[in-house]
There are 2 protein chains.
Amino acid sequence: MPAHPVQPGRTPDRLKSRPTWLVSRAYARSAALLVAGFEAEGNGLRGYHYRLLAALEQWGPASQADLGRDTGIDRSDVTAALTELEARDLVERRADPEHGRRKIVTITPRGLDVLADLDTMVDRTQDALLAPLTPAQRRQFVSLLSRLLD
Amino acid sequence: MPAHPVQPGRTPDRLKSRPTWLVSRAYARSAALLVAGFEAEGNGLRGYHYRLLAALEQWGPASQADLGRDTGIDRSDVTAALTELEARDLVERRADPEHGRRKIVTITPRGLDVLADLDTMVDRTQDALLAPLTPAQRRQFVSLLSRLLD
DNA sequence: TTACCAATGTTGGTTCAACCAACATAGAAC
DNA sequence: GTTCTATGTTGGTTGAACCAACATTGGTAA
């Protein structure tokens, strides 16, 4: 369902055993945990910023267009998010010397620090989400999800 | 992550094995399949309408406020969705004889028919979503999701 | 009874993520 | 040299989820 409320009262039988419904509820919980985590210790950063920092750390400097393609974020949203990251000294934007219009984005040392902090927050969120499962069940869950998305 | 794009190019390692990420990707796929199903054979109806019809079928006539509480849909959105359902003769709204302001909503025979059609569409969507899994894995997946949401 | 409070249905908003269009400007292709 | 495509940016639009206020009604307390 293209709707993910956090607090339905009771659920019709036809919904509550359907995988699409369960996935949407799991997503609602997961997203709520992440939003709470970012709000509590993200210093105003959100998922967009985290994904951009992660991409920069993993693959090194990139143009904004490439960043957008890699992260699946629209060019215009990349621009806005990078402006906020730059204002916090977490990334650097400099003109590509070989391409007049292109800008090369680099993560700064402070950006790496913040990314590390966000990483531990996100890791704790995984534990919170998977709390009801045993370690073996968690591995199974991740494995099934991965297969589902191949 | 509070974002569910359908087409990221490549995914940073730190994301792609994290349950929250996998769940958000699974939700993106699930929601896209459902939206496509409703668009193809929903005759202009969407998830909201389906949930309301399902609640009415399952628990019988109810006031709008109760419907909202049961489905987790805001009162104002319930009003709008019911207006559309009523225009299609899928529900009936009549004043509660015992409560001046309250309205009792009932699903009509046509509403039951449409609900049955939507049910088969939604069932087919389950198969599409779970296609990569074997029957045993599907049972496991549903079981783990249910446990996760307890 | 009267006065207050809570609930109902409705209207008309706001917020926020996702997405789209248009632009000036730069390289690439032909 | 002209056309075509890519880039970064601005300024939108859409749609789901919420929220606020209102008139109206029932219930509660005094």
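To find a chain, count down the sequence lines: A is the first, B the second, and so on, and within it residues start at 1.
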Checklist outcome for this item: Here the distance between atom P of D:dT7 and atom CG of A:Leu82, to the nearest Å, is 14 Å

Checklist entry - So do A:Phe141 and B:Leu145 actually touch side chain to side chain, heavy atoms under 4.5 Å? => result yes

Item to check | Integer-rounded Å distance: C:dA17 C1' and A:Phe38 CZ | outcome: 14 Å

Checklist entry - Among residues 90-106 of chain A, which contact DNA chain D at a heavy-atom distance under 4.0 Å? => result A:Arg93, A:Arg101, A:Arg102, A:Lys103

Item to check | Distance, rounded to the nearest Å, where A:Glu39 contributes CD and C:dA17 contributes C1' | outcome: 14 Å

Could you pull out all donor-acceptor pairs under 3.5 Å where a side-chain atom in residues 55-62 of chain A meets a protein atom, sequence neighbours excluded?
residue : atom : partner : partner atom : Å
A:Glu57 : OE1  : B:Arg14 : NH1          : 2.8
A:Gln58 : OE1  : B:Asp13 : N            : 2.8
A:Gln58 : NE2  : B:Asp13 : OD2          : 2.9

Item to check | Check: B:Leu82 and B:His49 side chains under 4.5 Å, non-hydrogen atoms | outcome: no

Checklist entry - What is the distance from CG of A:Asp77 to C1' of D:dG8, rounded to the nearest Å? => result 13 Å

Next on the checklist: Can you see if the side chain of B:Tyr48 gets near the phosphate of D:dA17 - specifically, an N or O under 4.0 Å from OP1 or OP2?
Outcome noted: yes

Checklist outcome for this item: Considering only heavy side-chain atoms of B:Thr79, the closest of D:dC18, D:dT7, C:dT10 is C:dT10

Next on the checklist: Whole angstroms only, please: what is the CD-P distance between B:Gln64 and C:dT8?
Outcome noted: 11 Å

Next on the checklist: Rounded to whole Å, how long is the line connecting atom CZ of A:Arg75 with atom P of C:dA26?
Outcome noted: 17 Å

Item to check | Nearest-angstrom distance from the residue atom CG of A:Asp74 to P of D:dG11 | outcome: 16 Å

Item to check | Side chain proximity check, A:Asp113 to A:Pro109, heavy atoms < 4.5 angstrom | outcome: no

Item to check | Atom pair CD (B:Glu92) and CD (B:Glu86), whose distance is rounded to the nearest 0.5 Å | outcome: 8.0 Å

Checklist outcome for this item: The side chain to side chain donor-acceptor pair (under 3.5 Å) partners of A:Gln64 (sequence neighbours excluded) come to A:Thr79, A:Arg93

Checklist entry - Rounding to a whole Å, what distance do you find between B:Ile73:CD1 and C:dG9:C1'? => result 15 Å

